[in-house]
Amino acid sequence: MLKLEFIKLSVTCYYFQSAVNIGYINHGNEGMLVDAGLDKSTMKKVLKKLDEEGLPITHLYITHAHADHFGGAAYLQQARNVFTIAPVLEEAILRNPILEPIYLFQGNTPLDELRNKFLEGEAITVDKVITEGTYKVDRFDFTAIAFPGHSENQLGILIDNLLYCGDAYFSEEQLRKHKIPYIVDAAQTLKSLEKLKSIECDGAVPGHGIFEQDFNGTVVRNFDYHLAVLTSVTELFWEAGESISHEEIVKLMCDKWNVQLTHLSGFLLYRTAVTAYVTKLVRDGMVTTHIENNTLMFKM
């Protein structure tokens with residue numbers, strides 16, 4: 001059974017600590033969730049706990065459109081009258097969740113095995129689409145902070161001097177578990193981590209991990225970890241000394257980091273992550289692309 005621990009951080013701020021964290025902010029007769037967990041089952045537990053504590057739920061803020069962060073939102077919208085806020089671009093996926101398996105499957109109509117709750121949440125409505133900036137929505141004054149890299153337009157939320165940052169960084173346990181972190185843009189990921197270090201607040205809640213008052217050490221370790229992965233793929237190109245196909249570099253990286261792929265969805269997620277690091281090398285002018293024998297090739 002999924003463990004869901006409700007933790008109070010300040011007079012107004014809380015979070016549900018679980019495999020995927022869910023934030024909660026209470027301002028009088030209004031309450032805002034930050035992200036919605038994976039599914040209906042998770043959201044039922046969240047609502048039950050809030051009801052037991054006599055805490056309201058009137059608003060929902062989604063940091064980014066990955067199914068594990070919004071999969072419970074459809075049930076929430078059915079069960080309660082919530083005002084939903086989401087980042088521009090990400091909201092297109094929230095309204096059309098099939099877009100996630102579509103982009104992972106390189107734009108093709110996804111196979112049935114890709115249409116699961118881990119890659120495709122239920123569609124939701126979005127009442128307010130936002131970009132980076134400061135906002136006042138009813139009783140909530142907050143700053144939306146752009147943390148792209150893990151997704152195209154992830155927006156963390158700084159509210160009451162606490163930061164709920166989605167998947168801008170991961171716990172060290174998560175880094176070790178996944179080995180090659182899921183990202184879509186390595187350069188933006190590193191930039192977002194640098195940005196995190198400059199934010200002054202009373203602590204941060206990551207999407208996966210625990211709240212830390214001083215989170216800079218974890219952020220630095222995330223930065224170093226991404227650099228290690230980037231160095232790893234660079235070394236593979238140096239060692240090869242010749243062109244490597246797209247599929248081969250994915251295989252070599254998974255072999256090197258001891259990632260064992262057994263199903264299509266895992267392969268597509270790791271291919272995306274590896275490609276994000278390779279793309280940075282291409283943009284930095286260290287690696288070039290060309291087509292050889294009808295195959296996409298990379299060469300240092």
In the single-linkage hydrophobic clustering (I, L, V, M, F, W, Y; side-chain heavy atoms under 4.5 Å), do Leu281 and Val274 co-cluster?
yes
For the pair Asn21 (side chain) and Gly209 (backbone), establish whether a donor and an acceptor sit closer than 3.5 Å, ignoring hydrogens and angles.
yes
Per side-chain contact (heavy atoms from CB on, under 4.5 Å), Phe142 is matched among Thr134, Asp160, Ile130 by Ile130
Should the pair His59 and Phe140 be assigned to parallel (<30°), tilted (30 to 60°) or perpendicular (>60°) ring geometry?
perpendicular
Any chance you could measure Asn294, atom CG, to Ile291, atom CD1, to the nearest 0.5 Å?
8.5 Å
Is there a side-chain contact (heavy atoms from CB on, under 4.5 Å) between Leu196 and Leu163 once you walk through the steps?
CA-CA 10 Å; Leu196 271 163; Leu163 177 64; 3.6 Å; yes
Are any of the side-chain nitrogens in Arg176 or Glu173 under 4.0 Å away from the carboxylate oxygens of its partner?
no
Side-chain donor or acceptor of Tyr135 paired with backbone N/O of Thr131 under 3.5 Å:
yes
I'd like to know if Leu296 and Met300 are part of one continuous hydrophobic network [Ile/Leu/Val/Met/Phe/Trp/Tyr, side-chain heavy atoms within less than 4.5 Å].
yes
Taking the side chain as everything from C-beta on, heavy atoms only, tell me whether Leu76 gets closer than 4.5 Å to Val46.
no
Would Lys45 count as a cation-pi partner of Phe16, with NZ or CZ less than 6.0 Å from the six-membered ring centre and within 45° of the ring normal?
no
Among side-chain atoms of Asp167 and His66, is any donor-acceptor pair under 3.5 angstrom?
no
Would you mind checking if Lys251 and Glu247 are paired as a salt bridge, meaning a charged N to carboxylate O distance below 4.0 Å?
no
Can you confirm whether the side chains of His246 and Thr275 place a donor and an acceptor under 3.5 Å from each other?
yes
Lys8 NZ to Tyr24 OH distance, which is reported to the nearest 0.5 Å:
11.0 Å
Do the side chains of Leu162 and Cys201 get nearer than 4.5 Å, heavy atoms only?
no
Contact between Pro87 and His64 at the side-chain level, heavy atoms closer than 4.5 Å - yes or no?
no
Heavy-atom side-chain contact between Val20 and His208 under 4.5 Å
yes
